[in-house]
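Reading through the C-alpha cells given below for one structure.
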Amino acid sequence: MAIAKMRRVFIVGLNDEKERTLRVLQDIGVLHVEPFTRLSSAAEEQNTHIAQNVRRIGQIYESLKDYRNPKEKSETFFSGEEILLRAGSILERLQELKNRKQTLEKLITELSVWGDFDTDYLKALEEQNLFIQRFRAEGVSQSEQVFPEDVFVQTVSHKPALLFFTIRMGHPVDLPWAVPLRRPEKGLEKVKEEYTSLVTEESKALKELSLLASRIDALRKVYFATLSEVKFRECLGSLYADELLFGVQGWLPADGEKDFFDKVTSTGLAITISTRDPLENETPPTLFKNNRLIRRIEPLLKLYGFPGYRDLDPSYFFAPFMILFFGICLGDAGYGIVFLVASMWIKKRFGHLSPSLPMVLKLCEAFSISAIIIGLLTGSIFGHWIFPRQWIAVDLDKDHGNPMILFYASLGLGVIHLSLSYVMGIFQSFSRFDRFQKVGLLCVLWGGACLISQRIWFSDPVSALNQWLHYSGVALVALGVVLTFLFTSDSKKLIVRLGLGLWGIYGLTGLVGDLLSYARLFGLGIATTAIAAVMNDLAGMVHRAAGPVAGSAFAVFILILGHTFNLLLSILGSTVHSARLHFVEAFKSFFQGGGTEYKPFKVERG
C-alpha cells in the first residue's frame, strides 16, 4: 500500500570519470547502490583502516560530550582535526592519570600505617649491610612468632593484621611465618606530593577538554565526513570496472527519477544512464512512503523486519491498532499526560542527539494521546475521577459500572484485528490453496463470534437475532472447516492431503488461543487503573494515620513513588503486549519479512 515503486538504474562511463561520478551520486544521495563485485584485499584493507578511524573519532566524540559545560566557551577556533588530535591526546593522558592516582591511593593507604621514611636512605643502608625490612603476618599465634637473637623487632600494628619491621646487620631476615613487604618506590610525603600534582594536572586537562567540547560540532563534521569516505571507498571498490569503462547498478524511487536525471545532467558528466522496471526475479529494496502519523510506527516495525518489495506494507495496519492497544493497556488520562509531557520535553532537550530519536518520541506522543482519550472515556485520572460519574462514557468501575465491557471490547477488537490480518494474507498470497485456507480461518472466526454473541447477548428465543446468529454461526463454522480440510495442502497424494486436512482442522483450535490472547488488553487496562487507585488509597490511609503534617509528607512521597513505579511498569507492559498481539497473533497470517531496507548512497550528515 505504501511501499515506494522502484526503478532499476544502470550507469556506464569512462574510467577517468569514475571517482567524480561517485562523488556526484553521493552528493545527490538517492541511489541505492548494489555492489557488482567483492572488495579487493587492498581496497578492503584500506576501508578497514578508515573504518577504524571512524570508530576512533566516534569514541572521542562520545567521550568529549561528557565534558561539555555551558559555562565554558572557548574563544579560540579549533578545526575538527585539531580537536581530534588534542582531545585524543588529553583523553589518553587522563586515563594514565586515573590509573596512576589509583596506584598512589593504594600506596598512601598502605604507608599511612608506617609513616614517612626515605626509601633511598634504606637502600643506602643495605649497601652498608644494615637491613631494615617490613613484614605482615596473619593468623599467627604468639608462640609461633619466633625471631633470631640478633634481630631488632618493632611492632607497628596488630589490626587488621600484624605489621612489624626488623633491623639486622649482615644479611636479611627470613621469617617463614610472615610475608615480607617490598620496599615502596617512594616515601609517604613524596607519594602525597605526586598525588597532589596529578590532581592539579587532571584539573587542567579537564578544563581544556571542556573548552574543546564547546567546539564539538567541528568534530561531529569530521566524524560524518570520514563516515562518508568509508561509504565512498566501499562503493568504489565494489563497482564494475575494466581498463576502459566502469559501471554502477542500483535502485531509485520512481517518483524521484526525473529529478535525479536533471541533477546528473547539470554536472556535465560523460556517462550513460538507463532505467527500467524491476524484473520478476529481482528484489528491489523496500522504502516506506507513509504520512506523518503512520511514519511514527516505522522504528518499531523495523525491529521486527522489513516487508518484501512486492508485499503489503503492514504500517497502515500496525500503526492505528498499536496506538489503540497501547491506549487501552495504559488507560489512564493522568498517566497519559505525564507521558506526553515527558516525551515532548525529551524530544526538545535531546532530540538532536540522534536522527531516529525524534521519530520514536513522536510515537510516544501518539501513545500518550491514545491513553489520555481512553482514560477520559473510562473515567480514570491517576486512578481517580474528579468529575460527576455521569460524565463517564464507559464506566468500568466494579461498583458503579461494568468492567466486563472492556473484556468483551478487547475480544471484539481481537476478532477485527485477526480478520484484517487474514484478509491481508488473502491478498498477499500467490497460492489458491493458501487463499482458501485463510478464508476458512476467517469463516471459523466469525462463525464462532456469532455463536458466542448469541449465547451472551441474544440468548432469548424471542430475540430477532437469536436464530439468525445461530444459523449464521453454524454455517460459517461448517464452511470454514470444509475449506480448511480441502485446502490445507496442495499435495496430489490423496492420503497426504486427507491427513494434512485433518491436521489443519485440529489446528483451528489455535484460533481460541489467538483470540483469548487479546484479553491481555482487558487485564493490563484494569490492572493499571486498579494499582493507581490502590496507591491513592494507601496515601490516604497514611495521611489519616500520621496526622495532617507528617501524614501529608508521607502521602505525597507514596503518591509520587507509587504512581511513578506504576507508570513505568505500565508503559513497558503496554508496549510489549501491544506489539506482541501484532508480531505473534496477527503478522503470522500475512507478514513474511525478508525485505532489504532502502539505503541510498549519500553524504552522511547525521
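What you see below is based on every heavy atom in this structure, not just the backbone, and it leaves out hydrogens, waters and symmetry mates. Keep in mind it's a predicted model, so treat the numbers as computed, not measured.
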Less than 4.5 Å apart, any side-chain heavy atom of Y335 and any of F382?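 They are in side-chain contact.
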Could you go through F318 and L300, starting from their C-alpha distance and side-chain angles, then the distance that decides it, and tell me whether this counts as side-chain contact (heavy atoms from CB on, under 4.5 Å)? CA-CA 10 Å; F318 185 32; L300 190 57; 3.8 Å; yes
Main-chain N/O of [Y] paired with [X] side-chain donor or acceptor, under 3.5 Å:
X    : Y    : answer
D332 : G383 : yes
S368 : I337 : no
R520 : S517 : yes
Y598 : F288 : no
R7   : A254 : no
T528 : C329 : yes
Q454 : H470 : no
S429 : G425 : no

Just verifying a value: how many Å separate M6 CE and W251 CH2, rounded to the nearest 0.5 Å? 9.0 Å
Separation of W385 CH2 from T378 OG1 (nearest 0.5 Å): 8.0 Å
Heavy-atom neighbours of F10 CZ exceed 12 at 6.0 Å: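 Counting other residues, nucleotides and ligands, CZ of F10 exceeds 12 neighbours.
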Atom CZ of F427: over 12 foreign heavy atoms under 6.0 Å: no
Going by the side-chain contact (heavy atoms from CB on, under 4.5 Å) test, name the single residue among N402, L406, L377 that passes it with L396.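 So, applying the side-chain contact (heavy atoms from CB on, under 4.5 Å) to L396 and each of N402, L406, L377, only L406 qualifies.
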Does a side-chain N-to-carboxylate-O contact under 4.0 Å join E257 and K5?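 Result for this pair is no, no salt bridge flagged.
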